[in-house]
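Have a look at the structure below before the remarks.
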Amino acid sequence: MKKKIALWAALTAVALLVTGCAAEDPAAHPPRAPTAREGAPSAGGGAGDKAPGAPDRAAAAAAAYRKWGLKPFAPPPAPPATKPVVRPPGGPVPVISDIPTTEKIVFITIDDGAEKDPGFVTMMKDLKVPVTMFLTDSAIRGDYAYFAPLVAQGHGLANHTLTHPNLPTLSQDAQRREICGQRTALTKRFGTAPRLFRPPYGNWNETTRAAAGECGVDAIVLWRESMQITNLQYQRGDRKLHPGDIILAHFRGPSELKGRTMTEMTATMLRRVQEQGFTVARLEDYV
């Protein structure tokens, strides 16, 4: 009987050895950390921390740009910790045509507000290219609501007077009424007080500067290039963009663009910027 028990024990030990079921020392095989493929997070966002079904942002952006016949812009650099253009407390209002920077960025500004193309609202929502709108009350009074979704998208809201006069021909009181009056109108309509101001036609004098200061303006914004129908018009002789340039465009439609639409003009302007290797940044992040 004892021989049978011993034989059975020996056969069992051999079976355990063959099948790998023998007990092991846990210290000999410490727990292995899961790999990224198995669901662990990894530096830079591995497969493990990507939510199932999350949209591919790059592909979505490319598709949105293709819709308008464009290629996506490179993302702009992070805004500076300290804005390069600041009005000193109690000091004169700065007058700028560009932003001091070495980055290959430009800033797009659009004036007046006469043309109210619904396609432009859609275009800006698709492309997410920042613009600053310098609006005139006499041009938008009948349809302030058109600009509400553009403001909601995060585009800048700025002051371009009540009636678009040639300011240097007016007294300081009259200039103050034009500038402060539009500041009040925009604040009432959109809940945001504009900090930036552009004088109509780019014409200003020291009286304009003083009036603007009384109306809470942080900077008088001019420009270096202006968008025409199909090309940029340059102020400099080298006829090219420079880092920090401010570009002027207008809310215009087919009657002023020789049959072209606001969206076609905007797409052409963006191509001109890309052709020179620039991207677009938000003006309010620098002023």
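Side chains included, hydrogens not; waters and symmetry mates left out as well; all remaining heavy atoms used.
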### Query
Between F190 and Y144, how do the two ring planes meet: parallel, tilted or perpendicular, split at 30° and 60°?
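Taking Y144 first and then F190, their aromatic rings sit tilted (interplane angle of 30° to 60°).
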### Exercise: identify the closest heavy-atom pair between T208 and W204
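So the minimum-distance heavy-atom pair works out to OG1-CA, 3.6 Å.
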#### Entry: Closest non-hydrogen atom pair between K240 and D245, with its separation
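Scanning both residues, the minimum pair turns out to be O-OD2, 4.3 Å.
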### Task
Answer yes or no on whether K116 is positioned over the face of Y146, meaning its NZ or CZ is under 6.0 Å from the six-membered ring centre and within 45° of the axis.
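Pair K116/Y146 does not count as cation-pi.
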### Query
What pairs with E214 under side-chain contact (heavy atoms from CB on, under 4.5 Å), at least two apart in sequence or on another chain?
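Scan of E214 (side-chain contact (heavy atoms from CB on, under 4.5 Å), adjacent residues dropped) gives Q172, R176.
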#### Entry: Pairing residues for P79 by the side-chain contact (heavy atoms from CB on, under 4.5 Å) criterion, not counting sequence neighbours
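By the side-chain contact (heavy atoms from CB on, under 4.5 Å) rule, P79 matches D285.
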### Task
Under the side chain to side chain contact (heavy atoms under 4.5 Å, CB included) rule, what do L167 and Q175 come out as? Steps first, then yes or no, please.
CA-CA 6 Å; L167 289 175; Q175 292 197 45; 3.6 Å; yes
### Task
State whether R236 and D98 are salt-bridged, where the test is any N-O pair (Lys NZ or Arg NE/NH1/NH2 against Asp/Glu carboxylate O) under 4.0 Å.
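Salt bridge flag = yes for D98 with R236.
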### Task
For this output row, return yes or no: ring centroids of F134 and F251 closer than 6.0 angstrom.
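For F134 and F251, the ring centres are not under 6.0 Å apart.
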### Query
What about Y201 and H164, are their ring centers closer than 6.0 Å?
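Yes, the ring of Y201 comes within the 6.0 Å limit of the ring of H164, centre to centre.
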### Task
Would you mind reporting whether Y286 and V86 have side-chain heavy atoms less than 4.5 Å apart?
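Contact flag for V86/Y286 side chains = no.
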### Task
Please confirm whether the backbone N or O of L241 pairs with a side-chain atom of E225, one donor and one acceptor, at under 3.5 Å?
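Side chain of E225 to backbone of L241: no pair is present.
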### Query
Going by atom types alone, do S226 and Q228 pair a side-chain donor with an acceptor below 3.5 Å?
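The criterion, which ignores hydrogens and geometry beyond distance, is satisfied for Q228 and S226.
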### Message
Run the side-chain hydrogen bond (donor to acceptor under 3.5 Å, both in side chains) test against T268 and tell me which residues pass, sequence neighbours left out.
### Response
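Testing T268 for side-chain hydrogen bond (donor to acceptor under 3.5 Å, both in side chains), a comparison that skips the adjacent residues, returns R260.
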